[in-house]
There are 4 protein chains.
Amino acid sequence: MSQTKKTQIISAAKQLLAEHGIENIKVNDIVKQAGVAQGTFYLYFRSKSALIPEIAAELIGELLQIQREKLSQVVRTSDKIDIIIDTSFEVSRSYRGLLSLCYSGLAINDELSEWERIYEPYKTFIEEILEAGKAEGEVTQQIATSSAAQMMISLIEETTERVHLHEDETEVPHEKEQLRTFLKRALLHV
Amino acid sequence: MSQTKKTQIISAAKQLLAEHGIENIKVNDIVKQAGVAQGTFYLYFRSKSALIPEIAAELIGELLQIQREKLSQVVRTSDKIDIIIDTSFEVSRSYRGLLSLCYSGLAINDELSEWERIYEPYKTFIEEILEAGKAEGEVTQQIATSSAAQMMISLIEETTERVHLHEDETEVPHEKEQLRTFLKRALLHV
Amino acid sequence: MSQTKKTQIISAAKQLLAEHGIENIKVNDIVKQAGVAQGTFYLYFRSKSALIPEIAAELIGELLQIQREKLSQVVRTSDKIDIIIDTSFEVSRSYRGLLSLCYSGLAINDELSEWERIYEPYKTFIEEILEAGKAEGEVTQQIATSSAAQMMISLIEETTERVHLHEDETEVPHEKEQLRTFLKRALLHV
Amino acid sequence: MSQTKKTQIISAAKQLLAEHGIENIKVNDIVKQAGVAQGTFYLYFRSKSALIPEIAAELIGELLQIQREKLSQVVRTSDKIDIIIDTSFEVSRSYRGLLSLCYSGLAINDELSEWERIYEPYKTFIEEILEAGKAEGEVTQQIATSSAAQMMISLIEETTERVHLHEDETEVPHEKEQLRTFLKRALLHV
DNA sequence: TATGAATGAGTCTTCATTCAT
DNA sequence: GATGAATGAAGACTCATTCAT
């Protein structure tokens, strides 16, 4: 039951965060939206900025879970990349701008390591895919999986954010295609 | 002469911005550092947040100028990419974190178009390089220059920021190399 | 209990307002005098200028209540006018200058209608007296009660304010007498 | 020539004062409107608040001059009152709200005596009219001319301001008529 | 006289956080 | 656990006034 309150708060925060920026939402807004009292917030979060990592973690977790699921039966790395891009676009759409807000929010608060800790499992997930791809001979040996995973994640994230911020859905397919091409050229054997 | 004051303010702001985040610096700090009065700030900037675009513009301008100069005698796109990466790392080092702070600052203030206006010239510069590379048969026809330029810029920026935030100079050469490989694979003919 | 805080603030504000002008008192002064925190002020008032109407309303309410009471057993309009003048002088003395400050405060903030809404009940009260006087044949039919009430209120208010601002109590009886004569000549049958 | 600058400033201030309140106009607004430099203001006025009395004096002077002129050939006090009311309405219309702003401006600045000094000549002018009316047997002996003059001025001023602030020109004739009746009943023999 | 860039004290308002109930 | 009234530090911004030119 007490978990309910926390969940309500996180949901409310996610919603507001996606609409406005981190600096533009007040604890007051969140609790109002969540339908709980001001003080309740501090029962579950040490401070306002402690909220961001939790949301980020939830987001990444969600993304990871969806992708794990969708990739379970997929074999070719090329297909995996397609799916990763597609799901990223979908998740990013519903959280419009939230990821980069999380990022800047964390960066601002000098909690870089916190951020990395949260991103860790996702990065590992991508690394494993690339590693497997290398083993299969599909992914180039030229690039270190750690760096490549990082660049791949950044590029996908940045592109999805950018595209969605533009609010012009018509260019989505083209940008997605470009991203696909770019990534595959960089990572896969010709 | 009155330009001096504005310059002083921008310099001070750049310095402080690189050290702390945008939300962590006060107008008061900036003017103190700049050696001008509180009111003087508002003589040259409509508000605190109006400062960011100006700094960003200056930064981009600087980057653009340096790269234009260094690339003037270079022919091969591959070499151009090397130089762009190198100079980006250098500029980014001296402005440690400033670019992404500018970005988040702008994103927070919903001034996306302002941000794009500022980035415009740099993006065009990169596009022209890629276009020329296509003409020379060095750059792949597979990718649209506009998208490619955007992705290239994002990737370089994100990587430089990330590497510099880690404050571990030893990994710079490796990351730089990885970035080079990644980009060239994506953009150039094999 | 929470009403207490608001009451404290209004009391403090009334006191300070009577001593200084609206533009000369700071929110800080008010809360210090009231013994509450800075933020508490904004819990009960949207802004500093939102305070004035509330005080004005309270003042008018007080004046109205006193006069209603004192006039309950009085029959002749002439006597009623005497009592209205007397009580106005008394109330005005204890709020020295406050009424006109309220007025200017409102006028400055372009909230004329707000001001009229507040004055409404008092004006109605005076109108009813004049109407009753007309029915009794004591008040002249020459003048419309609405206009007459307005003029009567203005004249009394202006005179009391003026007299009290002079801080020379010796002239009060004379001015009061003059006001009485003036008003009765204007309103009553000879 | 230097008088020109001062005149420009006063004109600009009158205009702005009539549109906004005293507290809402800045020296900057005035000088911009006047087309002079910021510093020029302080060449002619000790401070911002020193401007109000000058404007008030000019206004009163204007009113006085007009009325003196119009009354020069008039004999009956009743007619004089009509003319005074009419001209007051006219002048007040073009300075919509300015008089009361002057008043509150001065009251706020505790310069009551200054205000009275400025009003002095006008009050004397009205007193003389009433005195003459008494001599002619037209004005009642019941009321002291000093008090009566003051009340008459206040009432006219308050009424004109009120009517003009309402911006409903259709009620002007009725209110004017009511004022006329009220004043004549109060001051003249039946 | 005239200018207008520069000043900086002054104040409103916000909002994360606390704590008595 | 839950509440929400109360807190008060913090900071952006204003604007009358000055003064070097």
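In the text below, chain A, chain B and the rest are named by the order of the sequence lines, each starting its count at 1.
Both C/Leu43 and A/Thr40 lie close to DNA chain F; mapped to their nearest nucleotides by heavy-atom distance, the more 5′-ward contact belongs to A/Thr40.
Taking atom CD1 of residue D/Ile25 and atom P of nucleotide F/dT14, one finds them 17 Å apart after rounding to whole Å. Atoms CD1 (B/Ile9) and C1' (E/dT7) sit 12 Å apart, rounded to a whole Å. When the P atom of E/dC12 is taken as reference, atom CZ of C/Phe45 falls 14 Å away, rounded to whole Å. Whole-Å rounding puts the C/Lys26 NZ to E/dA9 P distance at 14 Å. Put simply, CD1 on B/Ile30 is 12 Å from C1' on F/dG11, counting in whole angstrom units. Here the C1' atom of nucleotide F/dA12 and the CG atom of B/Leu51 are 13 Å apart, to the nearest Å.
For D/Lys14 (side chain) and D/Leu59 (main-chain N/O), no donor-acceptor pair under 3.5 Å exists by modelled atom type.
In this structure, A/Val36 reaches the sugar-phosphate backbone alone: every heavy-atom distance under 4.0 Å involves primed, P, OP1 or OP2 atoms, never a base.
Heavy-atom minimum distance, D/Ala12 versus D/Gln33: CB-CG, 3.4 Å. C/Lys48 and C/Ile25 get closest at one heavy-atom pair: NZ-O, 2.9 Å. Of all heavy-atom pairs between A/Ile55 and A/Ala13, the closest is CD1-CB, 3.6 Å. Pairing each heavy atom of B/Asp29 with each of B/Asn24, the nearest pair is OD2-O, 4.4 Å.
Relative to the side chain of A/Tyr44, the nucleotides F/dG1, F/dA12, E/dT3 differ in distance, and F/dG1 lies closest.
Within the 4.0 Å cut-off from OP1 or OP2 of F/dT3, at least one side-chain nitrogen or oxygen of A/Lys5 is found. Checking the phosphate oxygens (OP1, OP2) of E/dG4, no side-chain nitrogen or oxygen of D/Lys32 falls inside 4.0 Å.
Distance CG/C/Leu17 to CD1/C/Ile30: 7.0 Å, rounded to 0.5 Å. One finds the CZ atom of B/Arg162 at 12.5 Å from the CD atom of B/Glu157 (value rounded to the nearest 0.5 Å).
Residues that satisfy the ring pair (Phe, Tyr, Trp, His ring centres under 6.0 Å) test with C/Phe45, not counting sequence neighbours, are C/Phe41.
In DNA chain F, stems built from 3 or more consecutive Watson-Crick or G-U wobble pairs, each with both distances under 3.5 Å, span E:2-21 with F:2-21.
You'll find the side chain of D/Thr40 stays beyond 4.5 Å of the side chain of D/Val31, heavy atoms only.
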Measure all distances between protein nitrogen or oxygen atoms and nitrogen or oxygen atoms of nucleotides 17-21 of chain E, and list the pairs falling under 3.5 Å.
| residue | atom | partner | partner atom | Å |
| --- | --- | --- | --- | --- |
| E/dT17 | OP2 | A/Tyr42 | OH | 3.0 |
| E/dT17 | OP2 | A/Lys48 | N | 2.9 |
| E/dT17 | O4 | A/Gln38 | NE2 | 3.1 |

